[in-house]
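Throughout, a chain's letter reflects where its sequence line sits, starting with A, and its residues are numbered from 1.
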There are 2 protein chains.
Amino acid sequence: MPGMAVRTHQSQRRRQVLTRERIVETAVELLDASGKDALTVRALTGRLATGSGAIYWHIGNMDELLEAAADAVVATALARPAEVAPQDEIRAVALGLFDAVAEHPWLAAQLAAQLIRNPWGPVTLRIFESVGRPVSALGVPRDDWFTTTSTLVHYVLGATAQTSQRADGFEVDRAEFLATASRAWRDLDPDDYPFMRAIADQMREHDDREQFLTGVNLVLTGIAALHIKGD
Amino acid sequence: MPGMAVRTHQSQRRRQVLTRERIVETAVELLDASGKDALTVRALTGRLATGSGAIYWHIGNMDELLEAAADAVVATALARPAEVAPQDEIRAVALGLFDAVAEHPWLAAQLAAQLIRNPWGPVTLRIFESVGRPVSALGVPRDDWFTTTSTLVHYVLGATAQTSQRADGFEVDRAEFLATASRAWRDLDPDDYPFMRAIADQMREHDDREQFLTGVNLVLTGIAALHIKGD
DNA sequence: CCATGATTGGAGCGATGCTCCATAAACCAA
DNA sequence: TTGGTTTATGGAGCATCGCTCCAATCATGG
């Protein structure tokens with residue numbers, strides 16, 4: 001692994017043809033272009049004109065690379081927003097993640113995977129911090145910061161997951177997709193699925209992004225009702 | 001695939017040694033015992049004393065098997081609860097999922113994967129129905145059923161994901177794990193992570209299940225405040 | 001009783017992640 | 001400069017995986 005011995009200078013060494021950064025960068029390109037299955041060691045060696053050994057000298061294993069790729073994209077998406085009211089900042093952070101997942105369809109699965117495998121890894125930390133900061137500025141008592149932020153983050157992650165794949169189609173496809181699903185719900189067994197049949201119409205006409213924001217607002221309302229006095 | 005031609009009788013045929021059900025059952029056993037990586041075609045052929053061809057005659061591909069396994073487990077977990085007040089039923093459904101994920105650590109990743117790949121697949125449908133039914137009994141106007149239920153479901157799925165892996169250790173390990181994480185948060189850069197440092201203590205002492213329920217209640221409060229009149 | 005179709009078991013293909021090693025390139029001390 | 005040490009590279013090869021394909025088996029009905 002690099003940087004193990006004395007960092008003599010930080011000399012560039014043969015102009016450092018292969019860096020961890022360059023690998024992560026290329027990984028994101030591959031993921032964006034063709035999804036998770038396209039990110040293989042062999043695809044990387046092809047694009048970078050190198051061998052698998054060189055890659056593994058920089059990156060440990062595939063999971064680590066995926067984690068780094070996700071971290072890079074999330075870091076960009078959560079770049080410090082402008083100074084606004086706490087509620088608006090929370091919405092901005094949430095939408096930042098929502099849009100990042102829309103631009104990088106592979107990100108949803110990766111976020112979920114990391115949340116599960118390593119619940120307090122760097123990516124989760126970043127998201128928590130970005131959501132928690134405005135939460136603490138919201139007037140919520142200190143003792144409720146953790147609980148409140150957790151709820152918000154969990155909602156955001158769950159919601160981005162379900163709506164992550166609307167990216168690879170156009171509006172037309174989406175309308176068609178919704179119509180098909182809505183129709184399928186109508187044909188469900190009335191005894192087993194009365195509720196789904198009842199909301200088939202609402203579902204057909206809903207907008208994912210709008211629905212996402214509605215959810216954020218709903219949680220924010222709950223926070224205000226429970227934890228903010230005099231509101 | 002089976003059942004393609006005339007279902008002569010539903011004769012048992014050599015007592016139908018290999019069925020889709022038996023395969024799914026065995027898959028769940030393997031998953032429970034040793035996690036997702038342990039579910040391989042070869043492991044299945046070993047346990048079932050058959051060949052891969054026989055398995056693929058019943059089951060299409062690996063993803064379909066995982067989906068079936070998840071569906072089976074979720075169906076059990078969401079078995080119709082007793083008739084109670086809507087709010088309690090919602091909590092019961094949520095905890096049912098929470099506990100199912102605790103018992104079957106692989107389920108969290110699988111739920112996330114299916115939510116992403118096929119947002120309205122059978123498993124999601126089942127969860128939506130189970131949550132939506134009490135929501136509609138809550139007094140929420142019909143037009144808000146979809147939105148409200150979505151928010152609840154998304155929170156539940158996000159939360160179960162993060163807390164899914166507390167199963168494979170004992171209480172001691174967990175305390176140690178939390179202490180380690182809490183300590184790590186203290187050492188974070190105060191400029192980059194002021195919030196995480198501030199909540200390090202709360203995090204060390206929190207209980208996952210309790211925190212999960214707190215989140216559900218927070219969302220329920222939001223729903224009541226926004227959509228239930230005279231409350 | 002045999003012909004047809006339903007079901008099985010396993011060999012084998014293509015692809016993957018990763019290890020291992022023979023080199024090459026940069027560095028350091030003399 | 002020179003020789004040795006560390007850093008970094010490229011690729012061959014191994015174990016394993018999902019899945020396909022096919023010859024063999026079993027059950028049933030004409």
Side-chain angles (χ1 to χ4, degrees), chain A residues 1-27 30-31 34-69 106 109-110 113 117, chain B residues 1-27 30-31 34-69 106 109-110 113 117:
Chain A
M1 271 155 278
M4 285 197 59
V6 205
R7 185 179 307 271
T8 53
H9 294 266
Q10 46 191 15
S11 66
Q12 61 276 36
R13 283 192 69 83
R14 193 193 344 194
R15 251 182 256 96
Q16 198 64 315
V17 269
L18 197 58
T19 31
R20 188 186 156 99
E21 281 181 17
R22 228 160 77 75
I23 297 177
V24 172
E25 219 171 283
T26 309
L30 285 171
L31 289 165
S34 323
K36 174 163 179 166
D37 288 347
L39 179 60
T40 68
V41 177
R42 282 166 177 81
L44 279 174
T45 63
R47 276 226 187 189
L48 294 169
T50 179
S52 48
I55 290 192
Y56 279 99
W57 196 89
H58 289 276
I59 99 165
N61 62 45
M62 206 70 222
D63 278 353
E64 186 185 316
L65 178 56
L66 275 166
E67 187 172 323
W106 52 275
Q110 185 51 29
R117 191 179 320 121
Chain B
M1 271 157 277
M4 286 196 59
V6 205
R7 187 179 306 272
T8 54
H9 291 268
Q10 49 191 17
S11 68
Q12 59 274 42
R13 280 193 70 80
R14 192 192 343 192
R15 250 181 259 94
Q16 197 66 315
V17 269
L18 196 59
T19 30
R20 187 187 156 99
E21 281 181 18
R22 228 160 76 77
I23 297 177
V24 172
E25 220 171 281
T26 309
L30 285 171
L31 288 166
S34 322
K36 174 162 179 169
D37 289 346
L39 178 60
T40 68
V41 178
R42 283 166 176 83
L44 278 175
T45 63
R47 276 225 186 188
L48 295 169
T50 179
S52 48
I55 290 194
Y56 279 100
W57 195 88
H58 289 277
I59 150 185
N61 61 45
M62 205 71 222
D63 278 351
E64 186 185 317
L65 178 55
L66 275 165
E67 187 172 324
W106 53 273
Q110 185 51 29
R117 192 178 320 119

Undergrad: May I have the distance from A:Leu18 (atom CG) to D:dT9 (atom P), rounded to whole angstrom?
TA: 5 Å
Undergrad: Charged N to carboxylate O below 4.0 Å: is that the case for A:Glu25 and A:Arg47?
TA: no
Undergrad: Rounded to whole angstroms, how far apart are CG on A:Leu44 and P on D:dT9?
TA: 14 Å
Undergrad: Tell me: CD1 of B:Ile59 to C1' of D:dG18, nearest whole Å?
TA: 11 Å
Undergrad: I need the CE-P distance between A:Met62 and C:dT19, as an integer number of Å.
TA: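 Between P of C:dT19 and CE of A:Met62: 13 Å.
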Undergrad: Starting at CZ of A:Arg20 and ending at P of D:dA8, how long is that distance when rounded to a whole Å?
TA: 14 Å
Undergrad: Sequence neighbours left out, what passes side-chain contact (heavy atoms from CB on, under 4.5 Å) with B:Ala109? Give chain and number order.
TA: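 B:Ala109: side-chain contact (heavy atoms from CB on, under 4.5 Å) contacts with A:Ile116.
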Undergrad: Between the protein and nucleotides 12-17 of chain D, which nitrogen or oxygen pairs are less than 3.5 angstrom apart?
TA:
from	atom 1	to	atom 2	distance (Å)
D:dA12	N6	A:Ser52	OG	3.0

Undergrad: Output the rounded distance in Å from OH (A:Tyr56) to P (C:dG17).
TA: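 Distance check: A:Tyr56 OH to C:dG17 P gives 6 Å.
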Undergrad: Which nucleotide wins on minimum distance to the side chain of A:Trp57, given the candidates C:dC18, D:dC19, D:dA8?
TA: D:dA8
Undergrad: Could you state the NE2-P distance from A:His58 to D:dT7, rounded to the nearest angstrom?
TA: 13 Å
Undergrad: Do the non-hydrogen side-chain atoms of B:Leu65 and B:Ile55 ever get within less than 4.5 Å of each other?
TA: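 Of all side-chain heavy-atom pairs linking B:Ile55 with B:Leu65, none is under 4.5 Å.
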Undergrad: Could you check how far CG of B:Asn61 sits from P of D:dC21, rounded to whole Å?
TA: 15 Å
Undergrad: For the pair A:Arg20 (side chain) and A:Ile59 (backbone), establish whether a donor and an acceptor sit closer than 3.5 Å, ignoring hydrogens and angles.
TA: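 Here the side-chain-to-backbone pair does not exist.
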Undergrad: Could you check if a side-chain atom of A:Arg117 sits within less than 4.5 angstrom of a side-chain atom of A:Asp63, using non-hydrogen atoms only?
TA: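 Yes. Closest side-chain heavy atoms under 4.5 Å.
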Undergrad: Given 3.5 Å as the limit, does a donor-acceptor pair link the side chain of A:His58 with the main chain of A:Ile23, or not?
TA: no
